[in-house]
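Step one of this worksheet: look at the structure below.
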Amino acid sequence: MKTFALVHKGLTAFISLGVFAQMFFAGIWHAGVVNTPDAHVFFGLALLLASLLALIAAAVAKLPKAVIGRTALLFVLILLQPFLMEARRNGLPWVSAFHALNAPFIGIVSGMVATMSRETTSEKETAVSVATGD
């Protein structure tokens, strides 16, 4: 079970740092440095896969319910992103505007989950008192 806790820790760290990469990829596309949003799209799919694997790892590792719940929330927030963008193609541009608003929440939740995972997997020293005497 400790292995899955470490996998969860690594994946959530990747996601929390990957949010910054996502912002950069979106920025270079909007600035015209690249012609397509492919880097943003495909890295977003990698983050989605990482969040699903992190959720599975958290459940298998039997991490605290708070960690599993927030990891599930992170997965749902990331899963929501492509649906928000698809709304623009379906004639609902005001719904797709929430794509940009959802991104900071993904960043906040991913940082929270990464911190909780780090605290859960850290080795805590426990002192044992041994009294000897006659």
Side-chain angles (χ1 to χ4, degrees):
M1 298 304 169
K2 183 167 172 61
T3 301
F4 286 102
L6 291 174
V7 167
H8 180 265
K9 180 180 176 180
L11 287 169
T12 55
F14 168 74
I15 295 166
S16 63
L17 294 173
V19 171
F20 292 102
Q22 273 296 82
M23 288 185 243
F24 176 74
F25 294 145
I28 62 172
W29 175 53
H30 285 289
V33 176
V34 296
N35 294 326
T36 66
D38 289 348
H40 181 73
V41 169
F42 290 114
F43 194 73
L45 292 173
L47 292 177
L48 179 60
L49 177 61
S51 67
L52 175 60
L53 294 174
L55 179 57
I56 292 168
V60 172
K62 297 181 181 169
L63 294 179
K65 287 183 182 179
V67 176
I68 295 171
R70 285 177 180 85
T71 305
L73 174 61
L74 178 61
F75 171 68
V76 169
L77 289 174
I78 295 174
L79 180 63
L80 189 59
Q81 290 293 77
F83 290 105
L84 292 173
M85 285 311 296
E86 194 61 33
R88 180 178 53 181
R89 293 183 192 100
N90 292 324
L92 299 168
W94 61 274
V95 173
S96 71
F98 286 98
H99 179 84
L101 184 61
N102 191 33
F105 289 108
I106 293 171
I108 292 166
V109 174
S110 68
M112 183 187 330
V113 172
T115 300
M116 292 173 79
S117 180
R118 205 170 43 243
E119 291 170 357
T120 302
T121 58
S122 67
E123 295 289 330
K124 293 194 171 48
E125 299 263 339
T126 55
V128 177
S129 176
V130 179
T132 59
D134 291 81

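Everything numeric in this text was worked out from a predicted model, so none of it was measured. Values below: every heavy atom of this structure, side chains too, minus hydrogens, waters and symmetry copies.
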Linked, directly or transitively: [X] and [Y] (ILVMFWY side chains, under 4.5 Å):
X	Y	result
Ile106	Phe24	yes
Met85	Phe105	no
Leu74	Ile68	yes
Val60	Leu52	yes
Leu92	Phe83	yes

What pair of heavy atoms forms the shortest contact from [X] to [Y], and how long is it?
X	Y	result
Leu47	Val19	CD1-N, 4.5 Å
Lys9	Ser117	CA-OG, 3.0 Å
Ala5	Leu63	CB-CD2, 3.9 Å
Arg88	Ser96	CB-OG, 3.5 Å
Trp29	Asn35	NE1-O, 3.7 Å
Gly18	Phe43	O-CE2, 3.4 Å

Once rounded to the nearest 0.5 Å, what's the spacing between atom [atom1] of [X] and atom [atom2] of [Y]?
X	Y	atom1	atom2	answer
Ser51	Leu77	OG	CG	9.5 Å
Leu53	Leu48	CG	CG	9.5 Å
Thr12	Arg70	OG1	CZ	13.5 Å
Thr71	Leu11	OG1	CG	10.0 Å

Contacts of Leu84 that satisfy side chain to side chain contact (heavy atoms under 4.5 Å, CB included) - sequence neighbours left out: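 Leu80, Gln81, Val95, Phe98, His99, Asn102.
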Taking everything shown except Phe14 itself, do over 12 heavy atoms lie less than 6.0 Å from its CZ?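 Atom CZ in Phe14 is crowded, with more than 12 foreign heavy atoms closer than 6.0 Å.
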Evaluate the side-chain proximity of Ile15 to Ile78: yes if any heavy-atom separation is below 4.5 Å, no if none is.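 Sidechains of Ile15 and Ile78: in contact.
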Run the side-chain contact (heavy atoms from CB on, under 4.5 Å) check on Val113 and His8 step by step: do they pass? CA-CA 9 Å; Val113 172; His8 180 265; 3.8 Å; yes
